[in-house]
Amino acid sequence: MSRYIFVTGGVVSSVGKGITVASIGTILKSRQITVSVQKLDPYLNVDPGTMSPYQHGEVFVTQDGAETDLDLGNYERFIDINLTADSSVTSGQIYSAVIAKERRGDFLGGTIQVVPHVTTEIKERFKRLAEKSKAEVVIIEVGGTVGDIEGQPFLEAARQMRNDVGRDNVLYVHVTLLPHLNSTQEVKTKPTQHSVNELRRIGIQPDIIICRSDYDISQEIRNKISLFCDVERRAVIPLPTVSTIYEVPLVLEEEGLGQLVIDKLGLKAAKSDMSQWQELVKLIKTPREPVNIALVGKYVELKDAYFSVREALKHAALYHGRDVTLHWVPSETLETDGDYSVLRSAQGILVPGGFGIRGIEGMIKAATYARENKIPYFGLCLGMQVMVVEFARHVFGSNEPNSTEFNPTTPYPVIDLLLEQRDKENKGGTMRLGNYPCHLVPGSRAATAYGQSLVYERHRHRYEFNNKYRDQLEKAGMVCSGLSPDGKLVEVCELADHPWMVASQFHPEFTSRPARPNPLFRDFIGAAKNVFREGAQPPLPLSSLEV
Ligand code: GLN
């Protein structure tokens with residue numbers, strides 16, 4: 001039977017709960033314990049798929065096509081597992097399931113209430129993931145902050161679990177912030193005491209408290225929290241701010257969190273082996289020469305909107321012993337003031353995914369710049385559509401080619417909806433989502449990158465390359481190097497006469513792992529690192545320094 005670890009957050013949001021959960025998973029996995037992870041999001045949206053990236057950051061897509069919170073991306077990257085729709089639960093899902101049951105008459109005329117109906121539905125999600133994943137430990141992150149109105153049913157369900165599956169099989173971990181007062185040079189524990197009180201009020205006594213802080217946490221402070229919050233001393237674990245998120249598992253392991261969890265849940269565990277992580281963090285902390293990448297997107301003001309893209313670039317740069325310096329270019333600025341200064345110094349240009357017309361012309365200009373100046377270009381989903389539109393404009397000598405998403409009456413709809421998609425209007429349900437197979441054309445840059453002819457990558461889009469234009473664009477030098485098994489959908493395209501201009505209809509950023517970068521990202525950085533631009537001088541050969 002699975003054990004459950006519930007992780008709650010106190011004092012403030014964005015305290016680092018997601019990374020803590022991912023790190024607990026990493027620590028347990030390093031002891032050969034199988035884990036799965038679930039995120040509970042208290043909002044009423046059924047999933048974040050229809051939310052603006054400004055509201056929610058990136059939408060992370062699982063292999064089975066669930067549109068989920070970006071924390072799932074961190075779980076996958078840290079623990080190196082592939083999660084499914086079962087790992088993402090929102091209040092919206094829970095309520096719509098309960099109401100659907102009520103409409104079907106499943107409750108036989110009873111009054112439907114938060115307790116027990118909603119909480120039972122929530123607990124079924126916990127147990128379903130445990131059964132399906134067969135993980136020894138299921139770690140569940142309760143989104144939001146303790147005390148939020150929306151989070152209450154989730155906390156109540158978490159509380160009931162201790163009774164349902166046995167006291168020794170459930171662990172409650174509370175992650176809090178210890179603020180620092182400059183005037184007295186003190187780290188304060190009172191907000192933590194209050195948030196633990198709030199937890200206790202609803203019947204949850206935390207077993208472990210993880211204390212986030214930008215400052216050192218003294219033994220005295222730990223003792224105080226232990227006393228006031230009634231947790232063992234060794235279970236008050238400091239987590240100071242570190243320079244890379246990948247260091248968090250090492251810090252928590254060092255503080256004894258792994259052994260503590262093993263003891264409390266009575267798990268059989270192998271000896272911990274964190275050597276790979278140590279190696280990784282050592283590499284990340286080694287100063288490396290930068291590769292300058294311009295990311296031309298529409299949501300660049302909110303870096304979280306491209307979380308996985310940024311991580312995948314870092315993984316790829318690390319592989320090449322480089323560091324990635326990202327220059328965020330709001331695509332609209334290229335449309336209006338035509339300021340190309342960032343593009344001029346970039347060694348590679350990346351156009352990520354996105355929806356809607358805003359900023360599209362700026363992205364197209366960036367693609368023109370990359371094509372004409374032979375700068376490595378990498379397009380992700382929308383970035384591929386932009387590359388196709390740009391190339392078609394060049395080939396047809398017209399500004400008209402477009403995606404019908406942006407101009408429904410264009411005479412050259414080079415990107416278009418598939419016939420079968422045309423009638424569907426409900427925007428929530430028309431997307432191509434999750435893993436699809438893709439055959440790579442031998443000898444292409446894509447095939448060389450992957451080193452295999454069949455790959456599975458994750459999708460999230462409505463529009464497709466319009467086959468009507470395939471011949472003409474291929475004759476002009478575009479290579480459709482990745483195709484669906486029936487050959488009908490173009491999944492990857494690249495330019496023959498260009499050092500590295502490659503784009504995919506799928507989102508390769510979701511499968512990148514710190515020690516195993518996605519092959520397209522890896523080769524994009526591989527191409528970019530050898531480009532020398534304005535202000536980016538090649539390093540002097542050592543021999544030139546000899547007198
Ligand atoms: N808006 C485009 C489409 O729906 C691209 C989507 C994306 O980049 N994820 O096809």
Side-chain angles (χ1 to χ4, degrees), residues 47-54 56-63 65-68 70 73 295-300 302 304-310 312 331-332 349-364 366-367 377-390 392 401-408 410 413-436 438 457-467 469 482 484 488-493 502-512 518 520-521:
D47 62 42
T50 49
M51 281 158 97
S52 154
Y54 286 125
H56 191 269
E58 160 188 288
V59 172
F60 186 80
V61 182
T62 55
Q63 53 179 359
E67 299 176 271
T68 72
L70 60 79
L295 188 147
V296 183
K298 93 186 233 202
Y299 316 108
V300 291
L302 185 79
D304 273 4
Y306 304 111
F307 203 101
S308 294
V309 175
R310 200 174 44 175
S331 47
E332 276 166 306
I349 295 173
L350 186 148
V351 177
F355 293 83
I357 191 168
R358 183 168 68 81
I360 288 297
E361 290 301 320
M363 296 177 202
I364 293 174
Y377 173 97
F378 191 18
L380 311 175
C381 203
L382 177 64
M384 174 180 125
Q385 301 175 353
V386 161
M387 175 174 148
V388 173
V389 168
E390 193 284 325
N402 215 328
S403 160
T404 51
E405 180 180 1
F406 313 124
N407 178 5
T410 167
V414 288
I415 303 290
D416 199 4
L417 285 181
L418 293 180
L419 269 181
E420 55 264 40
Q421 289 172 312
R422 288 239 170 90
D423 305 328
K424 297 188 185 168
E425 284 204 335
N426 176 0
K427 289 208 166 174
T430 56
M431 275 207 265
R432 196 159 159 241
L433 285 165
N435 263 11
Y436 283 90
C438 167
E457 291 281 11
R458 303 180 195 177
H459 292 247
R460 180 172 181 252
H461 59 105
R462 268 183 213 102
Y463 293 80
E464 303 280 355
F465 187 112
N466 187 344
N467 284 323
Y469 295 95
S484 58
K488 286 190 181 151
L489 300 173
V490 175
E491 307 283 36
V492 187
C493 55
V502 181
S504 64
Q505 191 55 80
F506 48 75
H507 287 273
E509 66 269 28
F510 294 138
T511 52
S512 186
N518 175 280
L520 293 179
F521 274 88

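We're numbering straight along the sequence, starting at 1. Counting starts at 1 for both ligands and their atoms, in listed order.
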Item checked: By side-chain contact (heavy atoms from CB on, under 4.5 Å) - contacts of Ser308 (at least two apart) -> Glu58, Phe60, Arg77, Glu509, Phe510
Check: In terms of the angle between their ring planes, are His459 and Tyr436 parallel, tilted or perpendicular, with boundaries placed at 30° and 60°?
Finding: perpendicular
Note to self: Any side-chain to backbone donor/acceptor pair from Asn518 onto Pro508? Under 3.5 Å, distance only.
What the structure shows: yes
Next item on the list: Report the residues that fulfil side-chain contact (heavy atoms from CB on, under 4.5 Å) with Thr404, sequence neighbours left out, ordered by chain and then residue number.
Entry: Thr410, Pro413, Asp416, Tyr463
Notebook entry, point to check: Are the side chain of Ser331 and the backbone of Gly362 linked by a donor-acceptor contact shorter than 3.5 Å?
Noted result: no
Check: Using a threshold of 4.0 angstrom between heavy atoms of the protein and any atom of ligand 1, which residues qualify?
Finding: Gly353, Gly354, Phe355, Cys381, Leu382, Gln385, Glu405, Arg460, His461, Arg462, Tyr463, His507
Check: By side-chain contact (heavy atoms from CB on, under 4.5 Å), which residues pair with Cys381, not counting sequence neighbours?
Finding: His461, Gln505, His507
